[in-house]
Every structure is written in structure tokens, then in C-alpha cells.
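Quick caveat, the model's predicted, so the values are computed rather than measured. Each chain gets a letter, A, B and so on, in the order the sequences are listed, and its residues count up from 1.
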There are 2 protein chains.
Amino acid sequence: MAAVGRLAGVSQVTVSRALSDPSKVSPETLARIREAIEVTGFVPNAIAGALASRRSMLVTALVPSITNIVYATMVKAFSNRMREHGYQFLLSETGFDPEEEERIIATVLSRRPDAMLLTGIHHTAQARKMLLGADIPVVEVWDITDSPVDLCVGFSHAETGRAVAEYAVAKGHRRAGTVTAGDARALRRKEAFSRRFTELGGTVLAEIDHDGPATLARGREGLARLIDMAGFAGGFVHCSSDVLAHGVVIEAHARGIDVPGTVAVSGFGDQDFAAQIEPPITTVRVDRDVLGRSAAEAVLARIGKRPDVPTVTDVGFEIITRGTA
Amino acid sequence: MAAVGRLAGVSQVTVSRALSDPSKVSPETLARIREAIEVTGFVPNAIAGALASRRSMLVTALVPSITNIVYATMVKAFSNRMREHGYQFLLSETGFDPEEEERIIATVLSRRPDAMLLTGIHHTAQARKMLLGADIPVVEVWDITDSPVDLCVGFSHAETGRAVAEYAVAKGHRRAGTVTAGDARALRRKEAFSRRFTELGGTVLAEIDHDGPATLARGREGLARLIDMAGFAGGFVHCSSDVLAHGVVIEAHARGIDVPGTVAVSGFGDQDFAAQIEPPITTVRVDRDVLGRSAAEAVLARIGKRPDVPTVTDVGFEIITRGTA
DNA sequence: CTGTTAGCGCTTTCAA
DNA sequence: TTGAAAGCGCTAACAG
């Protein structure tokens with residue numbers, strides 16, 4: 001920056017000002033500085049800037065998996081909105097282990113981000129302490145709680161499960177099975193489904209739970225086990241994701257089982273393919289764009305010290321009725 | 001750090017040393033420092049550290065789309081390997097516009113990353129200049145060239161197109177159509193397919209090109225337009241991705257067209273679902289794990305100043321024969 | 001509108 | 001094994 005200044009015949013500070021707020025510099029000097037920057041190929045050092053200003057202009061997001069499209073679209077909406085406000089975006093993957101998340105929070109905080117997005121509401125005590133100590137806006141998403149670390153934007157997983165149970169019963173189903181994979185939130189959806197379905201007089205014959213990511217293969221295997229091992233002869237199958245539901249549909253077709261006649265299936269997520277396959281999947285839709293954007297708005301409001309920041313935002317969900325149930 | 005030192009009865013420098021290289025500090029002081037850190041909840045400031053040491057321990061990756069699973073898995077392999085070596089990971093989305101990429105490269109470089117991963121080999125002249133000027137390892141992936149900015153790990157898109165054409169002809173096809181969506185690389189695959197298919201005596205009746213991302217809807221629409229507008233009555237359909245191929249299969253089923261009897265279909269990417277749907281998709285597989293890991297190895301070798309760094313690595317590809325062609 | 005002076009919180013170097 | 005001093009390349013005050 002000093003070199004640029006020398007070339008433009010001004011001091012280093014003036015170059016700094018020309019970059020951060022051009023209106024503070026006369027048009028002529030600005031032009032000379034711009035030219036000098038062009039000539040030297042100068043790229044400002046944001047690290048030094050961050051250290052001096054105590055603002056990193058960096059926001060970080062922690063997600064369980066960067067290859068999961070559900071988180072990716074949400075995070076995309078969040079980062080787009082933040083980028084509009086000049087923030088850069090640091091993405092980290094935490095896996096599904098709170099201890100691992102804690103370690104990652106520590107290293108991420110060492111970069112002094114100006115705000116942080118976390119997926120989920122369950123963190124270790126030490127993690128909460130560090131987050132509070134960082135004194136930055138923190139938004140927890142994809143779940144909901146009355147006692148967030150700071151801000152929370154999400155929806156109730158248990159409610160989605162109950163809503164699907166009520167839907168199934170309303171459609172006349174009295175027997176059900178479940179196929180679940182993924183994280184603790186998927187399990188909570190399933191448990192709420194099973195409880196409510198039972199409350200309403202139905203019977204849950206079997207629950208197939210997988211550790212790890214939802215795959216088509218696990219969906220197929222899920223229905224296979226329901227039928228072959230639990231004697232599931234027909235009814236409603238609650239799947240914790242659209243991918244699993246798709247797998248169940250594929251397996252049903254392979255076995256010549258009618259969907260939704262004999263086996264009805266519900267998914268979760270309303271992914272791109274859910275509406276396109278045959279039959280299209282009945283599912284639970286959460287507006288991930290709105291979720292990501294709301295999270296960004298909440299953070300921006302807090303950064304801007306706006307007083308009207310809602311601490312907890314429930315973005316809700318919607319059951320999308322299609323062909324499988 | 002000074003506060004921690006005071007509490008432990010040592011100077012600030014000693015705390016720094018305890019953190020960066022514990023063996024340089026006596027066991028007793030180390031213990032006292034550790035305790036002081038615990039008590040104060042001290043989190044080191046990596047920004048200050050980066051400024052002083054001129055190493056940010058940050059690597060950045062630029063991808064066209066963070067929601068595209070194909071890039072996500074590659075980037076995951078890359079970041080995992082880099083993380084093992086203590087690097088943090090900054091992910092940015094460039095879209096498909098080189099100008100936009102140039103802007104993003106500039107802001108990203110201002111964070112002084114220690115290395116950089118770029119998707120693709122086509123960048124603006126200004127971008128190349130900035131990258132060279134940054135004087136850090138740069139690895140271009142997901143394509144291949146003899147003249148990379150620095151390092152290159154990928155495969156030839158044109159070769160995949162030609163290989164599929166040869167496969168189609170070997171299977172006895174003489175008429176073909178194409179359905180393409182996405183970036184310039186998808187177009188290059190298609191063009192190579194069409195040229196080679198024609199060279200080998202076949203006829204390409206129509207090429208359906210979509211701007212923007214590949215979706216099932218666009219795949220379905222692709223076959224519909226091939227049939228309804230181009231009079232495609234049967235033959236081989238080259239799709240630039242598995243998602244499009246899946247859409248073509250769905251549309252074929254909806255119209256009662258036999259796959260692969262009347263319409264044969266090839267995809268690209270070998271995504272999770274390709275092997276699972278009915279019929280399973282014949283596709284081109286690129287090992288994205290190997291690609292991401294190789295990119296990381298190349299970067300690490302260069303950072304470690306190892307002399308044996310191969311500048312260009314071709315990870316190749318493989319045609320996976322399944323049910324659709 | 002522009003410049004001067006002090007740091008930001010670390011690491012590096014050199015001495016003790 | 002420990003400490004003192006000197007920056008890293010910027011921004012934030014405050015003057016002029």
C-alpha cells in the first residue's frame with residue numbers, strides 16, 4: 001500500500017481510504033491511486049485489515065455434511081445474502097459428533113469471524129461457552145429451541161413427524177413402518193411419527209434405522225427388511241428423507257408392489273427429484289431458501305445493532321401431497 | 001496471550017511458543033500456561049498469527065456451484081486431506097462466468113491463502129496474472145491442460161465424449177441425439193461425442209442444449225423435444241449428466257418407450273442413484289475422491305517444496321456399462 | 001481532503 | 001529455556 005502511495009504521490013493512508021471509502025478522496029488523487037493499483041497489480045491484505053479494524057468481514061457456517069444437498073441449498077442462500085453485504089464465507093464440515101464440532105468451533109473462532117451459523121441446537125457446554133465468549137452473532141438453524149445461544153431460525157422436527165402421522169391416519173392407514181437414516185434430527189422426526197401414529201390408534205410394525213447418510217440403497221434395503229423380516233404386508237412407510245423414500249419406491253416396483261395402493265410412502269425434504277419420479281413422492285417441504293435468507297437477515301440485523309431482531313424464527317413446513325401417499 | 005502469560009508468570013512470547021511448539025518450553029511452565037489458558041478461555045488470534053508469520057494456514061477452493069454434488073464430493077476429499085495437515089478451508093462459489101470468477105479470485109487472494117484450488121482451466125488474463133502474483137500453489141481441477149497456471153489434476157472431457165460415441169457405435173447405434181445442460185465442459189463432452197459419432201458413420205439428429213443446471217425436468221423435456229420436434233424415433237441419447245439421463249429414462253417410461261431397446265441412454269458422473277434406478281444408468285465415472293485427494297497431494301508437495309511434484313495429473317475416467325445402453 | 005501517530009496480537013530474531 | 005525488540009500491513013483516531 002505504501003508502494004502504491006509512492007507511485008501515486010500520496011501517503012499510504014490515502015491509499016487505504018481510496019479503497020475503503022473513495023468519497024473521502026479527491027477525484028484526481030483517486031484516479032492516480034487507481035492507476036497505481038492497476039500498474040502494480042496490488043491486492044490488499046485483508047488479514048492486516050482485519051487485525052487493525054477488528055472486523056474480519058468473514059462469516060462461517062458449520063454443517064454436518066457439505067455433500068448433503070439439503071444443507072448445501074440452505075447455506076447457499078445464507079452465503080449469497082451475506083456476500084451482498086461484503087462478507088466472505090468460510091464453510092466447515094462437522095460430521096455428526098458434538099465433540100468434533102467443538103474442536104472445529106475452536107479453530108474457526110481463532111479466525112475471528114464476524115458471525116457464525118451452526119446447524120442444529122445441541123452443542124457441548126464448552127462450545128457454548130466459547131461461542132458466548134466470542135461475542136458475535138450466532139445463528140442456529142435447521143431446528144428450533146427456546147434457548148438458543150443467540151439466534152435461532154428453524155422448524156420443529158417433532159412436529160413434522162406428528163403431521164405426517166396425522167396425514168397417514170387421515171388417509172386411512174392403520175399399519176406403518178419407518179425407514180430412517182442420518183442424524184439425530186431424522187430420529188426425532190421418526191419417533192414423533194411413531195408416537196403420534198400409535199396415539200391415533202395405528203400400529204408401527206417395525207422401525208429400520210441406519211447409521212450414516214441416506215442412500216437409495218438403504219431405502220431399498222429398508223423396505224426389503226420391513227417386508228422380509230418384519231412381515232410388513234402393506235401400509236404406510238415413513239422415511240426420514242426423500243432419498244430413502246425413492247429407494248423404497250424402487251424396491252416396491254422391483255417386487256411388483258403397488259405404490260401407493262399397497263405401500264404408501266412419505267419422504268422429507270422435497271428435493272428436486274421428488275416431484276419428477278413415478279409416482280412423485282409425497283413429502284415434507286421446508287423452504288431452505290427462506291431459512292438461509294432469514295438466518296442471514298437475523299445476523300445482519302444483529303451486526304447492524306438493529307433492536308427489532310427476533311431471537312427465534314419458526315419457518316414452518318408443509319406436507320406436499322403427491323403420488324406415493 | 002499477554003494476559004495468559006501474566007497469569008502463568010511468563011512473558012507473552014513463551015505462551016506463543018507453548019502453543020506453536022511445546023517442546024521448546026519446560027514441562028513445568030508448559031503446565032502452568034495450559035492451566036492459565038483453561039482458566040481464561042483463551043482462543044488464539046489466527047489473524048494476528050497469519051500477519052506475523054505470513055502463513056495463513058488457509059486454503060481456498062473455487063467451484064462453479066456448491067450445491068452440485070459432483071463438485072462437493074471432490075472438494076470434500078480435498079479439504080479432508082488438507083485439514084489433516086492443519087489447513088482450514090475457504091469455499092467460494094464462482095458461478096459459470098469467468099468475469100465473476102476473476103472478482104472472486106481477487107477478494108479471496110486478499111485473505112492470503114497458502115494455496116488455492118480452481119475448478120476448470122479457463123480463466124481471464126487478469127485472473128492468471130493475480131494467481132501468478134500471489135506466488136502460492138494453485139491447482140486447477142476437473143479438466144486438463146498442458147499449460148496450467150501451476151498444477152493440474154483432471155481428465156479430458158473431449159475424450160469422454162469420444163469414448164461414449166465409440167461405445168454407442170460398437171453397440172450398433174447409428175442414430176443419436178444429445179441432451180446437455182450445465183457448463184462449458186458439458187458442451188465439450190457433447191461436441192466431442194457428436195463429432196466422433198458422425199466420423200464413425202452415425203447421424204446426430206438433434207442436440208438439445210439447456211443453459212443452467214441439469215435437472216430431471218430438463219432431462220424429461222430433452223427427450224420430449226428430441227421426439228416431438230426432431231422426429232427422433234429411437235437410437236442413442238448422450239446426456240451430459242446422470243440427472244439428465246435419469247430424466248430421459250423417466251420420460252421414456254411415461255411414454256411407454258422401451259429403454260434400452262428403443263432408446264438407449266448414457267449419463268455422466270456415476271452418481272449414487274445411477275446404479276439404483278430401473279434400469280440402472282450406463283455412465284462415465286470419474287473418481288472424485290482420487291481427484292480431490294491428488295489435488296491435495298500436489299499442493300502439499302509444492303508447499304513442502306518437494307521437487308518431485310508432477311505438474312499435470314490425468315486421473316482418467318471409465319465407462320460403466322449398465323442397463324440403459 | 002490529506003498526513004501523522006499509534007496500535008491490532010501475534011511470530012521472528014537475537015541475546016541472555 | 002526464556003525474554004526483549006522489531007515488525008507483519010493495515011485502520012482509527014486526531015490534526016492540519
Side-chain angles (χ1 to χ4, degrees), chain A residues 1-34 36-37 40-58 86 88 106-114 133-136, chain B residues 1-34 36-37 40-58 86 88 106-114 133-136:
Chain A
M1 223 175 223
V4 171
R6 236 171 294 133
L7 221 139
V10 293
S11 77
Q12 171 265 123
V13 210
T14 308
V15 179
S16 169
R17 269 195 284 257
L19 255 27
S20 60
D21 186 357
S23 73
K24 285 186 164 176
V25 171
S26 82
E28 303 87 63
T29 32
L30 188 57
R32 269 182 293 131
I33 290 171
R34 291 238 163 101
I37 287 176
T40 53
F42 170 74
V43 178
N45 186 325
I47 293 190
L51 184 62
S53 68
R54 300 153 150 287
R55 279 176 301 116
S56 63
M57 295 309 282
L58 199 67
Q88 262 181 84
T107 55
V108 153
L109 281 180
S110 76
R111 300 263 167 208
R112 298 292 188 267
D114 289 340
D135 196 32
I136 53 172
Chain B
M1 223 175 222
V4 171
R6 236 171 292 133
L7 221 138
V10 293
S11 77
Q12 172 264 125
V13 213
T14 308
V15 179
S16 169
R17 270 195 282 257
L19 254 28
S20 59
D21 186 357
S23 73
K24 285 184 165 179
V25 172
S26 80
E28 303 86 65
T29 32
L30 188 58
R32 269 182 293 130
I33 289 171
R34 290 238 162 101
I37 287 176
T40 53
F42 170 74
V43 178
N45 186 325
I47 293 191
L51 184 62
S53 68
R54 301 153 149 287
R55 278 176 301 117
S56 63
M57 295 308 282
L58 199 68
Q88 261 181 86
T107 55
V108 152
L109 281 180
S110 76
R111 301 261 167 209
R112 298 294 188 269
D114 289 340
D135 196 32
I136 53 172

May I ask you to verify if any side-chain N or O of [X] is less than 4.0 angstrom from the OP1 or OP2 atom of [N]?
X	N	value
A/Thr14	C/dG3	yes
A/Ser53	D/dT11	no
B/Ser16	C/dC10	no
A/Arg111	C/dG9	no
B/Thr29	D/dT2	yes

Can you check the [X] [atom1] to [N] [atom2] distance for me, whole Å?
X	N	atom1	atom2	answer
A/Met1	D/dT11	CE	C1'	9 Å
A/Asn45	D/dG9	CG	P	7 Å
A/Ile47	C/dC8	CD1	P	18 Å
A/Met57	D/dC10	CE	C1'	15 Å
B/Asp21	D/dT2	CG	C1'	14 Å
B/Arg112	D/dC10	CZ	C1'	11 Å
B/Leu51	D/dC8	CG	C1'	4 Å
B/Arg54	C/dT13	CZ	C1'	14 Å

Next item on the list: Have a look at B/Arg55 and say if it touches a base, only the backbone sugar-phosphate, or nothing, with a 4.0 Å heavy-atom cut-off.
Entry: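 Contact class for B/Arg55: sugar-phosphate only.
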Margin query: Applying a 4.0 Å non-hydrogen cut-off, can you work out what A/Ser20 is touching in the nucleic acid: base, sugar-phosphate, or nothing?
Written below: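 A/Ser20: no heavy atom of the nucleic acid under 4.0 Å.
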Check: When the nearest nucleotide of DNA chain C is assigned to B/Gly49 and to A/Arg17 on a heavy-atom basis, which residue is associated with the more 5' position?
Finding: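 The answer here is A/Arg17.
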Item checked: DNA chain C: 5'-proximal contact among B/Ala48 and A/Leu30 (nearest heavy atom) ->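 Looking at the nearest nucleotide for each, A/Leu30 comes out on the 5' side.
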For the side chain of [X], starting at C-beta, report the closest nucleotide among [options].
X	options	answer
B/Gln12	C/dT2, C/dT11, C/dC8	C/dT11
B/Ala52	D/dA4, D/dG9, C/dT11	C/dT11
B/Val13	C/dT5, D/dA5, C/dC10	D/dA5

Notebook entry, point to check: Closest heavy-atom contact between B/Asp114 and B/Ile136?
Noted result: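 Looking at all heavy atoms of both residues, the shortest contact is O-CB, 3.7 Å.
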Check: If you count the non-hydrogen atoms of other residues, nucleotides and ligands that lie under 6.0 Å from CG in A/Asp21, is the total more than 12?
Finding: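 For A/Asp21, atom CG is crowded (more than 12 foreign heavy atoms under 6.0 Å).
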Notebook entry, point to check: Between A/Ser110 and B/Ala46, is there a donor-acceptor pair closer than 3.5 Å when you use the side chain of the first and the backbone of the second?
Noted result: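 No, because the side chain of A/Ser110 does not come within donor-acceptor range (under 3.5 Å) of the backbone of B/Ala46.
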Next item on the list: Report yes if the side chains of A/Thr29 and A/Arg32 come closer than 4.5 Å at any heavy-atom pair, otherwise no.
Entry: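 Yes, close enough: below the 4.5 Å cut-off.
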Check: Quick one: are A/Leu7 and A/Phe42 in side-chain contact, heavy atoms under 4.5 Å?
Finding: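 No; the side chains remain at least 4.5 Å from each other.
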